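Bear in mind that the values here come from a model prediction, so they are computed numbers and not experimental data. Each ligand, and each atom within it, is numbered from 1 in the order the structure gives.
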Amino acid sequence: MVLTYYHLVSPSFDVLVLGAGAAGLLCAFEAGRRGRRVALLEHADRIGKKILISGGGRCNFTNLHTTPENFISANPHFAKSALARFTPDDFLALVNKHRIPYHEKTLGQLFCDHSASDITNLLEAECRAAHVQIFLNTRITAVQRTTEFVLHSNSAEFRAPVLIIATGGLSIPKIGATSFGYDLARQFGHQIVPTRPALVPLLFNRPDSRRYAELAGVSMEVIATADDNSFREKMLFTHRGLSGPAILQISSYWEKGLPIHLDLAPQRDATASLRASPHRDLAATRKVLQQFLPNRFAGRWLEFHTPPNYTNPSLAAFETQLHNWTLVPADTEGYEKAEVTAGGVDTRQLSSKSMASALVPGLFFIGEVVDVTGHLGGFNFQWAWASAAAAARSL
Ligand SMILES: Cc1cc2nc3c(=O)[nH]c(=O)nc-3n(C[C@H](O)[C@H](O)[C@H](O)COP(=O)(O)OP(=O)(O)OC[C@H]3O[C@@H](n4cnc5c(N)ncnc54)[C@H](O)[C@@H]3O)c2cc1C
């Protein structure tokens, strides 16, 4: 990978984009294609580090079934305009242009066949074609606004009338996540919707840990519910709690202290055959559970939920418990393990058409730093692309 890297005082630019991740890269080349002179500033030593680790290294770069309902925000209407004007097909056109092989995994989720680096190569090639100048290892020390934005960094001073913040969220600090975008937003008077780790595994409380932590590795299909939002997908036991797509999805809605609910037998009358049989005992009940639950989990569940007798009311209570296992997680695994950050720059002070600040002319916020958080399944990249395109097209 060859990147332009300038050390000295830079020429003047029309647009400064801060953060060479998904949103920053797309915004930079879209603006460049429109004839703007763009500098893309990144504090890491390479572009798109989060893209490279995404989707298990294969980057789930969009979701064909993207709708505004796949996003969480204090203002659920905010994302609609940008999502409608840059669709999954628009990104797919780029993927096809670069002949990147991909496949649909499940539920409209598109992944690279080979490697997420196909996507970073695409973005880098488009930046090069649009004459975007990329500055790596560039640490911004101060941002001022005079008649234009002036950015002081460890290597140079950058000036432009437009500043686009694409510095992402707080998840995975070890690959370069910082609070820079939120701090800068505050500096210019923007409100921040409190941030929290999202799409993140949940931790057992102590009693549940004693009961279930040794099931680590066991996985099963459940309907997981938090704050009235439900997802039917796989759940995975870990050494410290619960993970898997169902849990990651509800983690974005979960708040500390609140319960989560798990239906362990979705759409199933699990005890019907027992109720119809005269042979009702622990062995028969275990056999029934093992028809749809992993053996290790079925055994452990029965240790703590043995029907007191096998009368119909007792089996009905057992059935109810199976459909509503209620747990209060101790916490999440935090930003170290979270795929995204929920909350962020408050959308009430941004234009939904262009992502421009309503407070500071020329200032824009795009991507994950904004209070728009996608469900699991390629939606977060789709938001990064769509919000980036919205900003670039308004320049
Ligand atoms: C493990 C993992 C897997 C994921 N998999 C998927 C997936 O398959 N599909 C999906 O849709 N989403 C996925 N996501 C979420 C997705 O990666 C993010 O939502 C998306 O990258 C956000 O794009 P962004 O451009 O806003 O931020 P980022 O891609 O995080 O880019 C922000 C950039 O800004 C830079 N930066 C930060 N601070 C500064 C600073 N002070 N100065 C200069 N530069 C700075 C960072 O180094 C980074 O390059 C995954 C996330 C993780 C952590």
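Taking distance alone, with nitrogen or oxygen atoms compared against 3.5 Å, Q382 stays at or beyond that limit from ligand 1. Checked against a 3.5 angstrom limit, the closest N/O atoms of K49 and ligand 1 fall outside it. An N or O contact shorter than 3.5 Å is missing between V369 and ligand 1 by distance. Residue N60 has at least one N or O atom closer than 3.5 Å to an N or O atom of ligand 1. When only interatomic distances are considered, the shortest N/O to N/O separation between A384 and ligand 1 does not fall below 3.5 Å.
Classified by interplanar angle (parallel below 30°, tilted 30° to 60°, perpendicular above 60°), the ring pair H103/F111 is parallel.
Given atom 2 (C) of ligand 1, the protein heavy atom at minimum distance is E339 CG, 3.9 Å. With respect to atom 43 (C) of ligand 1, the closest heavy atom belonging to the protein is H43 N, 3.3 Å. Nearest to atom 48 (C) of ligand 1 among the protein's heavy atoms is E42 OE1, 3.5 Å. Closest to atom 18 (C) of ligand 1 among all protein heavy atoms lies E368 OE1, 3.0 Å. Looking at atom 28 (P) of ligand 1, its nearest protein heavy atom turns out to be G21 CA, 4.1 Å. Protein heavy atom nearest atom 1 (C) of ligand 1, with residue, atom name and distance: I53 CD1, 3.7 Å. Looking only at protein heavy atoms, the nearest one to atom 34 (O) of ligand 1 is G19 CA, 3.3 Å. The protein non-hydrogen atom at the shortest distance from atom 25 (O) of ligand 1 is A23 N, 2.8 Å.
With S171 as reference, K50 is the one residue of E336, K50, K337, E339 to meet the side chain to side chain donor-acceptor pair (under 3.5 Å) rule.
Close contacts of ligand 1 with A22, meaning ligand atoms under 4.0 Å from a residue heavy atom, involve 23 (O), 25 (O), 29 (O).
Electrostatic pairing of R196 and E255 does not count as a salt bridge here, judged by no charged N lying under 4.0 Å from a carboxylate O. With respect to the salt-bridge test (charged N to carboxylate O, under 4.0 angstrom), the residues E157 and R159 qualify. Under the 4.0 Å criterion applied to side-chain N and carboxylate O atoms, R232 and D263 are not assigned as salt-bridge partners. Of the charged side-chain nitrogens involved, none lies within less than 4.0 Å of a carboxylate oxygen, so that E221 and K234 do not count as a salt-bridged pair. Between R36 and E30 there is no salt bridge, since no side-chain nitrogen of the basic residue lies less than 4.0 Å from a carboxylate oxygen of the acidic one.
Using a 4.0 Å cut-off between heavy atoms, F61 makes no contact with ligand 1 at all. The proximity of I172 to ligand 1, defined as any non-hydrogen pair under 4.0 Å, is limited to the side chain. The proximity of F381 to ligand 1, defined as any non-hydrogen pair under 4.0 Å, involves the side chain as well as the backbone. Neither the backbone nor the side chain of A177 comes within 4.0 Å of ligand 1, counting heavy atoms alone.
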Show me the donor-acceptor pairs within less than 3.5 Å that the side chains of residues 285-298 make with the rest of the protein, sequence neighbours left out.
residue	atom	partner	partner atom	Å
T285	OG1	D281	O	2.7
R296	NH2	E214	O	2.7

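Judged by the shortest distance from any of its heavy atoms, V340 lies inside the 4.0 Å radius around the atoms of ligand 1.
In the hydrophobic clustering, L376 connects to L199, L248, V340, either directly or through intervening members, whenever side-chain heavy atoms lie under 4.5 Å apart.
Interatomic distance, CG of L123 versus CG of L25, reported as 5.0 Å (0.5 Å rounding).
In H98, the NE2 atom is crowded: over 12 heavy atoms of neighbouring residues, nucleotides or ligands sit closer than 6.0 Å.
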